[in-house]
Chemist: 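Below is a structure I'd like to ask you about.
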Amino acid sequence: MRPIMMHFPMPIETPRMILRIPQMGYTDSYDYVEAASESLPEISPWLSWARYVPSVDSTEEYLRDSCANWIVRTSTHVGMPLCIIDKETSKFAGIIVMHSVNWDIPKIEIGYWLRSSFVHKGMISEAVNALTRYCFLVMGMKRVEIRCEIANVRSRKVPERLGFMLDARMRNNQYSVKTGRITDTLVYSRIDLEGLPPIDVRWG
Ligand SMILES: CC(C)(COP(=O)(O)OP(=O)(O)OC[C@H]1O[C@@H](n2cnc3c(N)ncnc32)[C@H](O)[C@@H]1OP(=O)(O)O)[C@@H](O)C(=O)NCCC(=O)NCCS
């Protein structure tokens, strides 16, 4: 059952970033589109929506659906995304998203993309580390999963760096956006925080 009354303290703050629920009213949409268009060469091989720069209007629609999901505690369609804001520059640095929530276990999956000017700095590992803590400690999750296309080496390194366990290689499980061919998916998971690298994180 959905925990409608559960309090989700926000934002989540780490040493270098703020993770916050998207805001309606176009400012986030413009920032999102700017970040996505700057990053298209790096994100388009892996994310099906990123073959073209999204329009501001469709992005606003996506962000509003996201806000609705946060309100009703579901992850249908667009998941429950958080904007990653770089504290030093106040810039929109990417998205980290919880999706496929199953409140019966409860369990959740984490996905992500970074603006190209913020890659190779450990930003997404920091964000995933913080959100994993939030999932277990605030949301009461019993399982946090990360799925990666097998050829997506940069993405695979994130759960590996954070001590997630490789649960499965799902053969012929997805279409590769990059090649158009059927390929394998790697499934990583954590069922607790044991061995997760220490990080200074707070919320609320
Ligand atoms: C997947 C993606 C978010 C990974 O980004 P990333 O920058 O490689 O990952 P991190 O932010 O965790 O950075 C890690 C790297 O920063 C380096 N780094 C530099 N400064 C650092 C610091 N201060 N702290 C930690 N790491 C640092 C690390 O050594 C590491 O480099 P390495 O992989 O060569 O060892 C990014 O490639 C992306 O957006 N890809 C397209 C979308 C996508 O594939 N999404 C996932 C779909 S499943």
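Remember, it's 1-based here, ligands and their atoms both numbered in the order they're listed.
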Chemist: Looking at the rings of Trp46 and Tyr112, which for Trp means the six-membered one, are their centres under 6.0 Å apart?
Modeler: no

Chemist: Checking Arg190 side chain against Asp192 main chain: does a donor-acceptor pair fall under 3.5 Å?
Modeler: yes

Chemist: Hydrogens and angles aside, do Ser116 and Glu42 bring a side-chain donor and acceptor to less than 3.5 Å of each other?
Modeler: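 Yes, a side-chain donor-acceptor pair sits under 3.5 Å.
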
Chemist: Can you sort out which atoms of ligand 1 are near His120, meaning under 4.0 Å from one of its heavy atoms?
Modeler: 6 (P), 7 (O), 8 (O), 15 (C), 16 (O), 17 (C), 18 (N), 19 (C), 20 (N)

Chemist: May I ask whether Arg115 has any heavy atom positioned less than 4.0 angstrom from an atom of ligand 1?
Modeler: no

Chemist: Quick one: does ligand 1 sit under 4.0 Å from the side chain of Asn152, the backbone, both or neither, non-hydrogen atoms only?
Modeler: side chain

Chemist: Please confirm whether Gly122 comes within less than 3.5 Å of ligand 1 when only nitrogen or oxygen atoms on both sides are compared.
Modeler: yes

Chemist: Tell me the nearest of Ile96, Ile110, Val119 to atom 36 (C) of ligand 1, using heavy-atom distances.
Modeler: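 Among Ile96, Ile110, Val119, the closest heavy atom to atom 36 (C) of ligand 1 comes from Val119.
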
Chemist: Within the structure, does Ile124 bring an N/O atom to less than 3.5 angstrom of an N/O atom in ligand 1?
Modeler: yes

Chemist: Is Asp31 close to Gln23 at the side-chain level, that is, under 4.5 Å between some pair of heavy atoms?
Modeler: no

Chemist: Specify side chain, backbone, both or neither for Glu149, according to which of its non-hydrogen atoms lie closer than 4.0 Å to ligand 1.
Modeler: neither

Chemist: Does Tyr62 form a side chain to side chain donor-acceptor pair (under 3.5 Å) with Ser29? I'd like the steps, not just the answer.
Modeler: CA-CA 9 Å; Tyr62 156 66; Ser29 308; over 6 Å; no

Chemist: If we set the cut-off at 4.0 Å for heavy atoms, which region of Arg147 has an atom near ligand 1: side chain, backbone, both, or neither?
Modeler: backbone

Chemist: With nothing but distance in play, are any N or O atoms of Phe118 less than 3.5 Å from an N or O of ligand 1?
Modeler: no

Chemist: Whether the Arg161 and Ser125 side chains hold a donor-acceptor pair (N or O, under 3.5 Å, no angle test) is what I'd like checked.
Modeler: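 Yes, side-chain donor-acceptor contact under 3.5 Å.
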
Chemist: Please report whether ligand 1 has a polar contact with Lys157, defined as an N or O pair separated by less than 3.5 Å (distance criterion only).
Modeler: yes

Chemist: Starting from atom 45 (N) of ligand 1, what is the nearest protein heavy atom, named by residue and atom, and what distance separates them?
Modeler: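 That would be Tyr112 O, 2.8 Å.
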
Chemist: Going by heavy-atom distance to atom 30 (C) of ligand 1, choose the closest among Glu126, Arg161, Arg16.
Modeler: Arg161

Chemist: Short list, please: which atoms of ligand 1 are under 4.0 Å from a heavy atom of Met123?
Modeler: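 By the 4.0 Å cutoff, the relevant atoms are 10 (P), 11 (O).
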
Chemist: For Pro15 versus Ile199, what's the shortest heavy-atom pair and its separation?
Modeler: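 So the minimum-distance heavy-atom pair works out to CD-CG1, 4.1 Å.
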
Chemist: I want to know if ligand 1 touches Val158 in the polar sense, i.e. an N/O pair below 3.5 angstrom.
Modeler: no

Chemist: Hey, mind stepping through Arg156 and Tyr188 against side-chain contact (heavy atoms from CB on, under 4.5 Å) and telling me if it holds?
Modeler: CA-CA 9 Å; Arg156 284 169 52 178; Tyr188 294 87; 3.9 Å; yes

Chemist: For ligand 1, find out whether one of its N or O atoms is nearer than 3.5 Å to an N or O atom of Ser155.
Modeler: no

Chemist: Does the protein put a heavy atom less than 4.0 Å from atom 9 (O) of ligand 1?
Modeler: yes

Chemist: Answer yes or no for atom 2 (C) of ligand 1: protein heavy atom present at a distance under 4.0 Å?
Modeler: no

Chemist: Compute whether any side-chain donor of one residue and acceptor of the other, for Ser189 and Glu145, lie under 3.5 angstrom apart.
Modeler: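 The answer is no; no qualifying pair exists.
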
Chemist: Within ligand 1, which atoms have a heavy atom of Glu42 less than 4.0 Å away?
Modeler: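 Counting from 1, the qualifying ligand atoms are 41 (C).
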
Chemist: So, regarding Arg154 and ligand 1 (criterion: nitrogen or oxygen to nitrogen or oxygen, under 3.5 Å), is there a contact or not?
Modeler: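 Yes, at least one N or O pair falls under 3.5 Å.
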
Chemist: Determine, stepwise, if the pair Arg181 / Ser176 fulfils side chain to side chain donor-acceptor pair (under 3.5 Å).
Modeler: CA-CA 6 Å; Arg181 296 206 192 94; Ser176 162; over 6 Å; no

Chemist: Might you check, step by step, whether the distance between atom 28 (C) of ligand 1 and some protein heavy atom is under 4.0 Å?
Modeler: no

Chemist: Carefully, step by step, assess Asn69 and Ser75 under the rule side chain to side chain donor-acceptor pair (under 3.5 Å).
Modeler: CA-CA 6 Å; Asn69 276 357; Ser75 62; over 6 Å; no

Chemist: Is the closest side-chain donor-acceptor distance between Asp57 and Tyr26 under 3.5 Å?
Modeler: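 Looking only at side-chain atoms, Tyr26 and Asp57 do form a donor-acceptor pair, the distance falling under 3.5 Å.
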
Chemist: What protein heavy atom sits nearest atom 22 (C) of ligand 1, and how far away is it?
Modeler: Lys121 O, 3.2 Å

Chemist: Might you confirm whether atom NZ of Lys178 has over 12 heavy atoms from other residues, nucleotides or ligands at distances under 6.0 Å?
Modeler: no

Chemist: For atom 12 (O) of ligand 1, what is the nearest protein heavy atom, given as residue, atom name and distance?
Modeler: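 Ranking protein heavy atoms by distance from atom 12 (O) of ligand 1, first comes Ser125 OG, 2.5 Å.
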
Chemist: I need the atoms of ligand 1 closer than 4.0 Å to a non-hydrogen atom of Trp46, numbered in the order shown.
Modeler: 41 (C), 44 (O)

Chemist: According to the interplanar angle, ranging from 0 to 90°, do the rings of Trp49 and Tyr32 count as parallel (below 30°), tilted (30 to 60°) or perpendicular (above 60°)?
Modeler: tilted

Chemist: Considering Leu114, Leu186, Leu162 one by one, which has a heavy atom nearer to atom 38 (C) of ligand 1 than any of the others?
Modeler: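 The nearest heavy atom belongs to Leu114.
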
